[in-house]
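In listed order, ligands and their atoms are each counted from 1.
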Amino acid sequence: MLLVFGSINIDLLVPVPGLPRPGETVLGGDYRLLPGGKGANQALAACRAGASVMMAGAVGKDAFAAAALCMLRRDGVDLALVRQVHRPTGCAAIMVDESGENLIAVASGANAAVTSEIVPDDMLAPQRIVLCQMEVPAAETAGLIRRAARRGARSILNLAPAVPIEPRLFDDLDLLVTNEVEAAMLGDDPAAIARRLRQAFVVTRGAAGSTAFLRDGRRLEIPVLAIDAVDTTGAGDTFVGVLAAGLDQDMALEPALRRASAAAGLACIAHGAQTAMPDAIAIDAAVARLPQ
Ligand code: RIB
C-alpha cells in the first residue's frame, strides 16, 4: 500500500481569458468548486492508476471537508489517517486561462495543523513507499521522511510548492521530483543532487518532457503525449502520483516514468485537478502513443 502524506483542499476554479497582472481585475466564466490539494490529488492519481492508497492529512470541521474528500472516498482511497481539526479546510483559489495555464494561491487552513505523528510506525515498514509534497508543514514532512528511512520505507518527495529544505534530507530520500522552477531553486547541477539521493532526481518540464538524473550518473529522457491542453492544473500531481503507483507496483523506474508522463498529458485535456485524472486503462492506452 502507498502512503500519501500531504494536503487536502477545496479548489475554487475560475476560468479567465487571461491571467491577471498585480492590481488587475479580470472577468471570468462560471466558477466551480472541486476537490484538490497536492497530497489528495497525488493520492487519487495513484489510486486511479491501480495502487492501493492510504491518505494521511487533515480537513476542517466545515462544509468544505466532505467536498474536499468526496473523490478520494468514491475511488476507494483509505482515509483512516485523515484527521478533522479546528481550522478551515484548505482552499485554493485557481485561475485558468485559455491556453490552460494557471495561477494558484492556497489558504492552508487545516493543512497547517498536520503532524507526522498521525502516521504510525507500522505504516513505515520496509519497502513501503511514502509520498510527500510541501503543502503541509515542512518540518513534519522532513520528520516523516527521516523516520521512514530509519524504518526501511522508501520516500518520494515532490518539492511543490518550492520551499527550502535542509540538504541533509536528500540522504534519506529515494526520489525527488520537481518542475523546472523548483529545480532551479536547488541550484544548477541536478546530477550532483541526484548523487545525494538514494535513486534519482526527476525534473519535469511540461510540454518539453522530463529528465531523470540517476544516482549512478545515467539520465533517462521521458517524452510527452502530443495534446492540446485545456487546463494544466493537477498535471504535475498526476505525474507524481502515477509514478509512485508504478514503483509501488514494482515497475522499474523508466516504465513508471513513461506511464506517469502519459497520465499527466491526459490530465491536461479536461478541467480541474482530480476531475481530469485518467484511470489505468486510459493510461496504458496512452503509453502506447508516447514517442520512443
Ligand atoms: O497542484 C494543483 C493543486 O495545487 C490544486 O489542486 C490546489 O489545491 C493546490 O494545492
* Asked: For Arg215, which residues count as a side-chain contact (heavy atoms from CB on, under 4.5 Å) partner, sequence neighbours excluded?
  -> none
* Audit row: Glu140, Thr115, side-chain hydrogen bond (donor to acceptor under 3.5 Å, both in side chains) steps and yes/no -> CA-CA 6 Å; Glu140 299 298 329; Thr115 67; 4.8 Å; no
Under 3.5 Å: N or O atoms of ligand 1 paired with protein N or O:
from, atom 1, to, atom 2, distance (Å)
ligand 1, 1 (O), Lys38, NZ, 2.8
ligand 1, 1 (O), Asp237, OD2, 2.7
ligand 1, 4 (O), Lys38, NZ, 3.3
ligand 1, 6 (O), Asp11, OD1, 3.4
ligand 1, 6 (O), Asp11, OD2, 2.6
ligand 1, 6 (O), Gly37, N, 3.1
ligand 1, 6 (O), Asn41, ND2, 3.0
ligand 1, 8 (O), Asn9, ND2, 3.0
ligand 1, 8 (O), Asp11, OD1, 2.6
ligand 1, 8 (O), Gly37, N, 2.9
ligand 1, 10 (O), Asn9, ND2, 3.1
ligand 1, 10 (O), Glu135, OE1, 2.9
ligand 1, 10 (O), Glu135, OE2, 2.7

* Should Asp248 and Arg128 count as an ion pair when the cut-off is N to O under 4.0 Å? -> no
* Structure fact -> Applying side-chain contact (heavy atoms from CB on, under 4.5 Å) to Asp172 and not counting sequence neighbours gives Ile145, Arg146, Ala149, Arg198
* Between Arg205 and Ser210, do the side chains contain an N or O donor and an N or O acceptor separated by less than 3.5 Å? -> no
* Asked: Any salt bridge (Lys or Arg N to Asp or Glu O under 4.0 Å) pairs touching residues 257-274, not counting sequence neighbours?
  -> Arg259-Asp284
